[in-house]
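I have placed the structure first, in the form of structure tokens, so that the comments after it can refer back to it.
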Amino acid sequence: MNTPAFIMFLAIVLVTLVITYYASKRTKNASEFYTAGGGLTGWQNGLAIAGDYMSAASFLGIAGAVALTGFDGFFYSIGFLVAYLVVLYLVAEPLRNLGKYTFADMIAARFNAKKIRGFAAMNTMAISIFYMIAQLVGAGALIKLLLGLEYTTSVLIVGVLMTVYVIFGGMHATSWVQIIKAILLMGGTFIISIIVLAKFNWSITDMFAQMKTATPLKESFLNPGVKYKIGLDTISLNMGLVLGTAGLPHILVRFFTVKDAKTARSSVVYATWIIGIFYVMTIFLGFGAAAFVGNSEIVAANPAGNMAAPLLAKAIGGNMLFAFISAVAFATILAVVAGLVLTAASAFAHDFYNEILRKGKASEKQQVSMARWAAIGVSIVSIILALGAQTLNVAFLVSLAFAVAASANLPVIIYTIYWKRFNTIGAVWAMVVGLISAIGLVLISPNVFSLEVGKAIFVGEPLFPYTTPGIVSIPLGFLAGYLGTIFSRQKADVKKYEEVLVKSNTGIGIGS
Amino acid sequence: MEAKKINDISESDYSSIVQSSSFQTLLSEKKKFIIPITIFFFCFYFALPILTSYSTILNHNFIGSISWAWVFAFLQFVMTWGLCMLYSKKAAKFDVMADKVVKERGNS
């Protein structure tokens with residue numbers, strides 16, 4: 001047991017529980033529970049978006065990917081950031097103006113059909129749970145490595161904590177856990193980057209020059225093409241990255257925590273600066289790990305490279321920095337899974353229970369209580385799935401979540417806001433085809449089938465050649481929405497579209 | 001549903017707002033800004049994986065051992081921050097125009 005690490009883990013648990021205690025006093029009604037009453041400032045929400053978004057996959061995964069594959073690992077950093085232009089230019093403000101608690105609200109602002117809300121809520125829950133399993137499996141492995149606890153114990157600790165934050169503190173607690181995590185993560189990454197840069201004599205050109213000999217890849221480390229050798233596979237990956245964020249439900253709900261479109265906009269701008277600076281620093285994390293930890297040691301700790309950042313901290317800053325960075329990684333996981341539980345629970349309690357089952361007539365008390373039970377349910381399901389998935393390589397679940405978000409959610413969002421003719425049939429087609437094609441293609445992809453034993457879940461020839469489905473499933477989602485609309489005889493409701501157009505552009509009609 | 005509770009705007013009000021010249025100006029100004037920029041950033045973004053996949057042109061060095069691939073990658077960050085700031089500036093003007101639309105409705 002690593003004592004400094006253990007103390008810092010405890011400190012994080014303690015601080016987050018204190019936050020939850022204070023948050024619980026303010027969580028009295030549905031609006032407070034789902035959206036913190038819409039009272040966050042642009043700065044606060046910007047930090048919270050960053051905290052919600054920079055998952056363990058970003059922090060640990062990208063650092064490892066850059067350390068092991070050089071430039072190809074950095075593709076993730078670029079795509080994850082540029083994605084915010086799609087959010088800012090096309091989605092954030094209309095979403096804030098049309099929605100209330102969930103992403104389905106926004107679609108329902110135009111189509112008041114129960115099945116549409118149902119499908120949107122189902123997609124939200126599917127995406128959030130895929131994402132959560134990946135985070136939980138990662139968390140279990142991480143805590144096992146850092147503190148020496150059993151995998152099952154580790155997953156249970158994270159699972160119980162995330163449930164506690166959400167059921168007692170709702171969106172207030174979730175937001176503040178995310179804000180603190182974002183600050184810790186930026187601080188920790190900054191310290192490492194500075195030390196790494198100092199070790200390269202404060203010279204970026206020196207750093208690049210040394211990287212040519214520092215890894216077994218030699219010169220090709222700095223060139224693209226180490227990992228992604230098939231052009232269309234690379235493009236498919238990049239499509240999922242850049243288009244997925246604007247469809248991720250746990251990111252979308254963050255825009256309901258501010259009072260208006262203007263604040264939603266400023267929060268994306270803050271988030272983009274924070275996230276961008278972080279992703280630039282992933283170069284230092286990755287290069288530093290490759291140079292000062294070394295390829296063989298990184299791979300020995302974890303074949304996917306997930307331990308690169310903590311090992312780098314140990315190599316350059318000793319046990320205290322290692323403990324701190326490990327604790328930051330722990331906080332990172334907690335903040336992200338709390339956001340996911342809240343998002344999935346909101347979709348169940350608000351969309352399925354209140355809007356569909358109770359026709360919007362449940363009392364505030366019933367809504368909050370259902371949301372709490374839903375949070376417990378979502379957590380239990382995710383924990384059980386994560387315990388079953390221990391030995392699987394679940395990294396692909398994150399890319400699956402992005403692909404489903406880009407294929408099933410983004411087309412409906414874009415059409416709902418911008419296309420006059422769009423109708424309910426088109427909306428259902430887009431969501432169903434996007435969801436099924438993204439999941440279906442992953443099931444027959446090299447992530448699931450591989451001829452090499454142990455590389456994927458099953459041994460066999462993959463029917464779909466690319467590791468991510470985006471290049472096929474995203475156009476299919478858009479096409480299905482288009483064809484569904486064109487081929488149905490249903491006439492577009494022009495009046496409703498005019499209402500959506502006015503609301504999304506002016507903010508008229510939203511509660512202040 | 002929400003709108004009915006908070007605001008008593010009827011369907012015909014929305015139609016008249018949509019037809020008002022101030023609203024049409026807002027829409028066309030937004031379109032003129034958002035569509036070209038969106039096309040631009042998608043092209044700029046996908047140019048990177050397309051160039052790295054189908055050519056080795058970016059493998060040439062820019063300064064020392066830093067190749068053009070890294071320079072282009074960093075420019076993606078610069079582009080994102082730059083377009084973010086540009087959007088904030090433009091959106092402030094759209095806010096003024098949207099306020100005008102809302103006020104006109106109040107007067108009529």
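Letters A, B, ... mirror the listed sequences (proteins, then strands); counts begin at 1.
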Select, from [options], the one with the greatest count of heavy-atom pairs under 4.5 Å involving chain B.
{"options": "Thr234(A), Ile78(A), Thr205(A)", "result": "Ile78(A)"}
{"options": "Gly276(A), Gly79(A), Ala109(A)", "result": "Gly276(A)"}
{"options": "Val242(A), Leu243(A), Ile235(A), Val494(A)", "result": "Val242(A)"}
{"options": "Asn223(A), Thr506(A), Val268(A)", "result": "Asn223(A)"}

Using a cut-off of under 4.5 Å for heavy-atom pairs, which of [options] has the most such pairs with chain A?
{"options": "Ala92(B), Ala91(B), Ser88(B)", "answer": "Ala91(B)"}
{"options": "Leu83(B), Ile34(B), Asp99(B)", "answer": "Leu83(B)"}
{"options": "Pro49(B), Ser53(B), Gly64(B), Ser65(B)", "answer": "Ser65(B)"}
{"options": "Ile63(B), Leu26(B), Ile37(B)", "answer": "Ile37(B)"}

Checking the side chain of [X] only, and the main-chain atoms of [Y] only, is there a donor and an acceptor separated by less than 3.5 Å?
{"X": "Tyr84(A)", "Y": "Trp81(B)", "result": "no"}
{"X": "Tyr45(B)", "Y": "Asn238(A)", "result": "yes"}
{"X": "Trp70(B)", "Y": "Leu222(A)", "result": "yes"}

Checklist entry - What's the verdict on side chain to side chain contact (heavy atoms under 4.5 Å, CB included) for Lys503(A) and Tyr14(B), showing C-alpha distance, side-chain angles and the deciding distance? => result CA-CA 9 Å; Lys503(A) 281 186 182 171; Tyr14(B) 286 117; 3.4 Å; yes
Item to check | Interatomic distance, Ser67(B) atom OG to Phe208(A) atom CZ [nearest 0.5 angstrom] | outcome: 7.0 Å
Item to check | Separation between CG of Leu85(A) and CZ of Phe40(B), rounded to the nearest 0.5 Å | outcome: 10.0 Å
[X] atom [atom1], over 12 foreign heavy atoms within 6.0 Å:
{"X": "Lys114(A)", "atom1": "NZ", "answer": "yes"}
{"X": "Lys93(B)", "atom1": "NZ", "answer": "no"}
{"X": "Lys420(A)", "atom1": "NZ", "answer": "no"}
{"X": "Glu219(A)", "atom1": "CD", "answer": "no"}

At a heavy-atom separation under 4.5 Å, does [X] approach chain B through its side chain, its backbone, both, or neither?
{"X": "Met207(A)", "answer": "neither"}
{"X": "Leu90(A)", "answer": "side chain"}
{"X": "Leu237(A)", "answer": "neither"}
{"X": "Lys262(A)", "answer": "side chain"}

Need one label for [X]: side chain, backbone, both or neither, based on atoms under 4.5 Å from any heavy atom in chain A.
{"X": "Met85(B)", "answer": "side chain"}
{"X": "Phe23(B)", "answer": "side chain"}
{"X": "Phe33(B)", "answer": "side chain"}
{"X": "Asn59(B)", "answer": "both"}

Test item: [X] and [Y] side chains (from C-beta on) under 4.5 Å apart, heavy atoms:
{"X": "Asn505(A)", "Y": "Phe94(B)", "result": "no"}
{"X": "Asp95(B)", "Y": "Arg265(A)", "result": "yes"}
{"X": "Ile508(A)", "Y": "Ile17(B)", "result": "yes"}

Next on the checklist: In this structure, is the centre-to-centre distance between the rings of Tyr279(A) and Phe74(B) below 6.0 Å?
Outcome noted: no
Item to check | Criterion side chain to side chain contact (heavy atoms under 4.5 Å, CB included) on Val86(A) and Phe42(B), from CA distance to verdict | outcome: CA-CA 9 Å; Val86(A) 184; Phe42(B) 275 126; 3.8 Å; yes
Item to check | Steps toward side chain to side chain contact (heavy atoms under 4.5 Å, CB included) verdict (Met79(B), Val82(A)) | outcome: CA-CA 8 Å; Met79(B) 173 196 68; Val82(A) 177; 4.1 Å; yes
Next on the checklist: Test side-chain hydrogen bond (donor to acceptor under 3.5 Å, both in side chains) on Glu93(A) and Tyr87(B); report intermediate values, then the result.
Outcome noted: CA-CA 12 Å; Glu93(A) 293 184 45; Tyr87(B) 182 89; 2.6 Å; yes
